[in-house]
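See structure below.
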Amino acid sequence: MLNNKGILLVNLGSPKSTAVNDVREYLDEFLMDEKVIDYRWIFRALLVRGIILNTRPAKSAAAYKTVWTDQGSPLIVITEKIQKKLQERYDIPVEIGMRYAQPSIEAGIRKLVEQGVSEIVLFPLYPQYAMSTTETVIEKAEEVRKKNFPTVKISYIQPFYNRDIYISCLAESIREKLPEHFDALQFSYHGVPERHIYKTDPTKTCNLNDCCSRDSNPSHQFCYRHQCYKTTNDVIEKLGLPKEKTIVSFQSRLGKDKWIEPYTDETLETIPKKGVKTLAVVCPAFVSDCLETLEEISVEGKEQFLHAGGEHFHYIPCLNDEDRWIDVIQTLCDEKLNEFYLV
Ligand SMILES: C=CC1=C(C)c2cc3[nH]c(cc4nc(cc5[nH]c(cc1n2)c(C)c5CCC(=O)O)C(CCC(=O)O)=C4C)c(C)c3C=C
Ligand SMILES: [Fe+2]
Ligand SMILES: [Fe+2]
């Protein structure tokens with residue numbers, strides 16, 4: 001019986017509008033999360049509320065305005081489309097929740113509970129594990145569950161960065177959108193501070209230089225960088241592309257800390273001089289297009305590349321609500337739903 005089961009799809013979240021005050025409120029909640037800026041509260045507050053929130057909201061609001069749709073933030077609109085398509089395949093309720101802003105994780109769980117759900121499969125919509133994404137989602141959901149819904153059971157879908165169904169789906173999606181001719185395919189992942197990688201590796205053995213070749217190292221379970229390289233290598237293999245024709249880089253760094261390298265913006269500025277004139281870029285840390293892909297890569301990144309001597313720039317959209325991606329979500333949900341029977 002699936003009667004008391006439900007699915008909650010969780011994504012990052014967006015400001016409620018492009019008004020500077022709404023963006024400030026969103027950034028405050030986001031950046032005051034200690035899993036995102038992992039300083040002691042007082043230092044985090046000094047940095048976020050004393051420095052970042054003075055200037056960033058206006059700059060981010062202007063960027064959001066360039067991608068906002070009539071229905072709202074692309075990230076939310078696309079997550080809602082995924083929800084609708086998935087709901088058509090299930091007769092148990094499917095809801096969405098955002099880690100920051102609205103609709104919140106709490107609102108999503110409440111909607112499910114109001115429909116009689118007591119066992120939730122929660123799907124963090126992040127292929128690779130990171131403290132600032134998967135981990136903070138689980139922590140938040142558990143906090144909400146313990147406080148407001150103590151009798152509800154939640155099970156969590158694990159990062160799927162190396163699952164063959166996901167790799168095949170991503171590879172096929174890329175294959176369809178790649179231009180006939182290109183000099184390089186760049187995989188640009190969202191960056192994280194380098195410190196986050198060491199912090200989440202329980203074995204403390206992750207060596208950024210060689211961890212990616214040691215797939216048996218248990219630290220890779222918590223190593224975002226490793227998982228990005230694993231996704232890339234598996235997709236390249238599926239596509240039959242020579243490794244020399246591909247680039248991995250990390251985007252969106254914020255602040256003065258060292259983030260994992262190489263940085264996307266620096267790469268875009270150097271590769272034209274090395275002969276890359278036609279570039280395709282894909283962003284597999286994001287399953288839905290959002291500010292970071294539609295503005296930072298498709299607009300800013302393109303300008304940087306062309307300005308540095310590049311000639312053609314092709315942005316490859318995220319999986320969004322492609323049916324083959326909905327198939328993957330459904331398979332991963334079914335696996336978890338079936339686990340309920342085994343307990
Ligand atoms: C210390 C800061 C940040 C870390 C660490 C970080 C990790 C991280 N983020 C995503 C996914 C997304 N981030 C998005 C926007 C965004 N990210 C940060 C900062 C950190 N992210 C900021 C300040 C912002 C807001 C926009 C801006 O001012 O630049 C988004 C887009 C949201 C949207 O509404 O469109 C996504 C998605 C991942 C996957 C990740 C770690 C792996
Ligand atoms: Fe981010
Ligand atoms: Fe590692």
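All ligand and atom numbering here is 1-based and tracks the order in the structure.
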Could you tell me whether ligand 1 has any atom less than 4.0 Å away from a heavy atom of Tyr189?
-> no

Where is the nearest protein heavy atom to atom 2 (C) of ligand 1: which residue, which atom, and how far?
-> Val36 CG1, 3.7 Å

Which residue holds the protein heavy atom closest to atom 25 (C) of ligand 1, what is that atom called, and what is the gap in Å?
-> Leu27 CD2, 3.8 Å

Shortest reach to atom 28 (O) of ligand 1 by a heavy atom, considering only Ala101, Pro127, Ser60 | Ser60

Give the residue, atom name and distance (to 0.1 Å) of the protein heavy atom nearest atom 36 (C) of ligand 1.
-> Leu12 CD2, 3.6 Å

Numbering the atoms of ligand 1 from 1, which are under 4.0 Å from a heavy atom of Ser132?
-> 5 (C), 7 (C), 41 (C)

Does ligand 1 have an atom that lies less than 4.0 angstrom from a heavy atom of Gly255?
-> no

Select the closest option to atom 32 (C) of ligand 1 among Tyr64, Phe286, Tyr100, Tyr224, judged by heavy-atom distance.
-> Tyr64

Is the shortest side-chain N to carboxylate O distance from Glu172 to Arg324 below 4.0 Å?
-> no

Is there a donor-acceptor pair closer than 3.5 Å between any side-chain N or O of Gln87 and the backbone N or O of Tyr90?
-> yes

With respect to atom 14 (C) of ligand 1, which of Arg253, Glu292, Met131 exhibits the smallest heavy-atom separation?
-> Glu292

What protein heavy atom is closest to atom 13 (N) of ligand 1, reported as residue, atom name and distance in Å?
-> His190 NE2, 3.3 Å

Less than 4.0 Å between a side-chain N and a carboxylate O, is that true for Asp321 and Lys84?
-> no

Just by modelled atom types, is the Val94 backbone N or O under 3.5 Å from a matching donor or acceptor in the Gln83 side chain?
-> yes

Protein heavy atom at shortest distance from atom 27 (C) of ligand 1 = Arg56 NH2, 3.2 Å

Do side-chain atoms of Gln251 reach the backbone of Glu292 as a donor and acceptor pair under 3.5 angstrom?
-> yes

Atoms of ligand 1, numbered as shown, that sit under 4.0 Å from any heavy atom of Gly13 = 32 (C), 34 (O)

Atoms of ligand 1, numbered as shown, that sit under 4.0 Å from any heavy atom of Leu75 = 37 (C)

Backbone of Arg56 reached by a side-chain donor or acceptor of Ser60 within 3.5 Å = yes

Pick one of side chain, backbone, both or neither for how Trp68 approaches ligand 1, counting any non-hydrogen atom pair under 4.0 Å.
-> neither

Go through ligand 1 atom by atom and flag the ones less than 4.0 Å from a non-hydrogen atom of Ile37.
-> 1 (C)

Donor-acceptor contact present, side-chain Tyr161 to main-chain Gln227, <3.5 Å | no

Trp259 touching ligand 1 at heavy-atom level, < 4.0 angstrom = yes

Measuring from Lys336:NZ to Ile157:CD1, what's the distance to the nearest 0.5 Å?
-> 7.0 Å

N-O pairing of Asp234 and Lys230 below 4.0 Å = yes

CD-NE2 distance between Gln128 and His190, expressed to the nearest 0.5 angstrom | 12.0 Å

Which one of Thr133, Leu47, Thr136 has a non-hydrogen atom at the shortest distance from atom 38 (C) of ligand 1?
-> Thr133

Atoms of ligand 1 less than 4.0 Å from Phe30 heavy atoms?
-> 15 (C), 16 (C), 17 (N), 18 (C), 19 (C), 20 (C), 21 (N), 22 (C), 24 (C)

Contacting atoms of ligand 1, where contact means under 4.0 angstrom from a heavy atom of Val192 | 41 (C), 42 (C)

What atoms of ligand 1 come within less than 4.0 Å of a heavy atom belonging to Leu291?
-> 26 (C), 35 (O)

Indicate if Tyr263 and Val276 have the same hydrophobic cluster label, given that clusters are the connected sets of ILVMFWY residues with side-chain heavy-atom separations under 4.5 angstrom.
-> no

Ion pair check, Lys140 and Asp33, cut-off under 4.0 Å = no

